[in-house]
Amino acid sequence: MNHLSKSAKNVLDAGRELWKYYHAQPEANPNASLYDIRLYFQGVKITKSGKEQMNSESNDARYTELIGNLRQSLKTLASEIRPKVYEYGFLKK
């Protein structure tokens, strides 16, 4: 793990904290993906067209804090690697 940048380590740590919180819940699925975790805390609603859609927010304050930390860490990491994506030719401008 010493090869990770500080930003990458922050993403890993934020994700780990969210994972721990989810798995402390009584009905936690041991094979849950991030989508499953978000669905668990945010729930779904039925749109006007009758389709299911994940709610954009959760009533669980701790989850909201943890997902916010993860999203912020991901944004920071993305801003750091964005220039390299073009520099190394993964995307063209």
State, to 0.1 Å, how close Ser79 and Pro83 come at their nearest heavy-atom pair, and which atoms those are.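 Heavy atoms of Ser79 and Pro83 come nearest at O-CD, 3.5 Å.
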Starting at [atom1] of [X], measure out to [atom2] of [Y] and round the result to the nearest 0.5 Å.
X     : Y     : atom1 : atom2 : answer
Leu77 : Leu12 : CG    : CG    : 11.0 Å
Lys9  : Ser73 : NZ    : OG    : 11.0 Å
Leu18 : Asn69 : CG    : CG    : 9.5 Å
Asn29 : Leu39 : CG    : CG    : 11.0 Å
Lys45 : Gln53 : NZ    : CD    : 4.5 Å

Checking Lys48 now: which residues fulfil salt bridge (charged side-chain N to carboxylate O under 4.0 Å, His left out) with it, not counting sequence neighbours?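 Testing Lys48 for salt bridge (charged side-chain N to carboxylate O under 4.0 Å, His left out), a comparison that skips the adjacent residues, returns none.
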Which residues pass the salt bridge (charged side-chain N to carboxylate O under 4.0 Å, His left out) test with Asp36, not counting sequence neighbours?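 Once residues adjacent in sequence are excluded, Asp36 has no partner under the salt bridge (charged side-chain N to carboxylate O under 4.0 Å, His left out) criterion.
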Determine whether the side chains of Ser49 and Thr47 contain a donor N or O and an acceptor N or O closer than 3.5 Å.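 On atom types as modelled, these side chains qualify, holding a pair under 3.5 Å.
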Could you go through Leu66 and Leu70, starting from their C-alpha distance and side-chain angles, then the distance that decides it, and tell me whether this counts as side-chain contact (heavy atoms from CB on, under 4.5 Å)? CA-CA 6 Å; Leu66 292 170; Leu70 178 58; over 6 Å; no
Parallel, tilted or perpendicular: rings of Tyr88 and Phe90 (30°, 60°):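 Perpendicular.
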Shared hydrophobic cluster, Ile81 / Tyr86 (ILVMFWY, side-chain heavy atoms < 4.5 Å):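 No, Ile81 and Tyr86 fall in different hydrophobic clusters.
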Provide the full list of salt bridge (charged side-chain N to carboxylate O under 4.0 Å, His left out) pairs with a residue in residues 71-83, sequence neighbours left out, each pair given once.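 Residue pairs passing salt bridge (charged side-chain N to carboxylate O under 4.0 Å, His left out), neighbours aside: none found.
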Where at least one partner belongs to residues 52-66, residue pairs that pass salt bridge (charged side-chain N to carboxylate O under 4.0 Å, His left out), sequence neighbours excluded: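 Salt bridge (charged side-chain N to carboxylate O under 4.0 Å, His left out) check on residues 52-66 returns Arg62-Glu65.
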With the side chain counted from C-beta on, respond yes when [X] and [Y] share a heavy-atom pair under 4.5 Å apart, and no when they do not.
X     : Y     : answer
Asn55 : Val44 : no
Asn59 : Thr64 : no
Ile67 : Arg38 : yes

Suppose the criterion is ring-ring contact (aromatic ring centres under 6.0 Å, His included): which pairs have a residue in residues 30-66, not counting sequence neighbours?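 ring-ring contact (aromatic ring centres under 6.0 Å, His included) check on residues 30-66 returns Tyr21-Phe41, Tyr22-Tyr40, Phe41-Tyr63.
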Excluding sequence neighbours, so at least two apart, what forms side chain to side chain contact (heavy atoms under 4.5 Å, CB included) with Glu87?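 Here the qualifying residues are Lys84.
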